[in-house]
Number of protein chains: 2
Amino acid sequence: MKNLEIILENNQIKSTAMRLLVLQFILSKKTALSLSQLESYFDNADRTTIYRTIKTFVEKELVHQIDDGTGITKYAICEENCHCEIENDLHLHFHCTKCEETTCLTDYKIPKINLPEGFIAENINLVVKGICEKCNNLSSI
Amino acid sequence: MKNLEIILENNQIKSTAMRLLVLQFILSKKTALSLSQLESYFDNADRTTIYRTIKTFVEKELVHQIDDGTGITKYAICEENCHCEIENDLHLHFHCTKCEETTCLTDYKIPKINLPEGFIAENINLVVKGICEKCNNLSSI
DNA sequence: TAACTTCTGCAACAAGATTGCATTATTTTT
DNA sequence: AAAAATAATGCAATCTTGTTGCAGAAGTTA
Ligand SMILES: [Mn+2]
Ligand SMILES: [Mn+2]
Ligand SMILES: [Zn+2]
Ligand SMILES: [Zn+2]
């Protein structure tokens, strides 16, 4: 059994042609992907199928959904043994305003946030916008 | 000159009937408002007019725009002398998953965030989701 | 008053996300 | 293996939010 198939199986996802392709593509990218990006990469595949494929991945916690503030939902693979729900497991995200790519900074966890009395935190989303390393290096040449 | 008119004037916004009404409504609310909420409150006013009114307010830095992760932009009045642009002036936002209201926690500033070498931060958005004080109190009775 | 600028209202459009439903593929049961 | 049940796919259609074009109304200036 192939590597990709094992990943799907580990997440209780039945393996199909489309799912394997989508997973492979997501794994090949270092930055988070939008539905449109997937759509244009698999240009003969159906939008809905990709949409539902990625939704299945999110439900099974194989990928996580990122709201980077652009209004376009991005998706990226979850870390090993990630439980997206658990607060202190969450990393921050970076959106580059130049290349418009969104990066998971998996080693940069969201700091403890103080809230006013009575507020209960369940989830935190922290997105930093700016210039990513790649664009920064390119412009300094 | 009325209070509301002074506020508009202080922000270099010419006063019109619609602008005064929208401002009054925003000021009367403690939580952030969406365009739809404004629209349904002023049910005989035009969507576009409200849209452009609020956009003018944002441009003139009278209100700030909030991306609370719901996919629906919210608006709330700016703090006195606020310059939404300046990073360390930014406060965090709280979105209640029960009442679905978004609150500005103006006294809770976004902490300093460390980034990997080469990344430059220009802007930070921090949204906490959970149960707000009001809903928390209601459920504990 | 005439020229000009700004605001408003209506219609239309765009993009992203989502659903309904029929068809096809896969798995389970008989 | 055939039938029944379940799951995945493809296509069309819809919804929501946000946005623009344009003509007319209102207000300002010369
Ligand atoms: Mn991530
Ligand atoms: Mn705020
Ligand atoms: Zn970049
Ligand atoms: Zn609440």
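In the text below, chain A, chain B and the rest are named by the order of the sequence lines, each starting its count at 1. In what follows, every heavy atom counts, from backbone to side chain, and hydrogens, waters and symmetry copies are set aside.
Along DNA chain D, the nucleotide closest to Gln65(B) and the one closest to Thr49(A) are compared, and the more 5′ of them pairs with Thr49(A). Comparing Thr53(B) and Leu35(A) against DNA chain C, the residue whose closest nucleotide sits nearer the 5' end is Thr53(B).
Taking a 6.0 Å sphere around CZ of Phe25(A), one finds it holds more than 12 heavy atoms contributed by other residues, nucleotides or ligands. Within a 6.0 Å sphere centred on CZ of Phe42(B), heavy atoms belonging to other residues, nucleotides or ligands number more than 12.
For the atom pair Asp68(A) CG and Asp67(B) CG, the distance stands at 9.0 Å (nearest 0.5 Å). Expressed to the nearest 0.5 Å, how far CG of Asn114(B) lies from CG of Leu105(A) amounts to 11.0 Å. For the atom pair NZ (Lys98(A)) and CD (Glu122(B)), the distance works out to 10.0 Å, reported to the nearest 0.5 Å.
Among the heavy atoms of the strands, none lies under 4.0 Å from Ser34(A). When heavy atoms are screened at a 4.0 angstrom cut-off, Arg47(B) is found touching base atoms of the nucleic acid.
In this model, a donor atom of one side chain and an acceptor atom of the other lie less than 3.5 Å apart for His91(B) and His93(B). When only modelled atom types and interatomic distance are considered, Gln37(A) and Ser34(A) share a side-chain donor-acceptor pair under 3.5 Å.
Atom C1' of nucleotide dG10(D) and atom CZ of Phe42(A) are separated by 16 Å, given to the nearest angstrom. Straight-line distance from the CG atom of Asp46(A) to the P atom of dC11(D): 6 Å, rounded to whole Å. Put simply, CD on Gln37(B) is 15 Å from P on dT16(D), counting in whole angstrom units. Distance, Ile72(B) CD1 to dT16(D) C1': 8 Å, rounded to whole Å. The nearest whole Å value for the distance from the CG atom in Leu21(A) to the P atom in dA8(D) is 16 Å.
Where DNA chain C meets chain B (any atom under 4.0 Å from a heavy atom), the bounding nucleotides read 5' to 3' are dT6(C) to dA11(C).
Using a 4.0 Å cut-off between charged side-chain N and carboxylate O, Glu101(B) and Lys134(B) make a salt bridge. Contact check on Glu9(B) versus Arg19(B) returns no salt bridge, with no Lys/Arg side-chain nitrogen under 4.0 Å from an Asp/Glu carboxylate oxygen.
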Identify all pairs in which a protein N or O lies below 3.5 Å from an N or O of nucleotides 20-29 of chain D, and state each distance.
unit_1  : atom_1 : unit_2   : atom_2 : d
dG21(D) : O6     : Arg52(B) : NH2    : 3.0

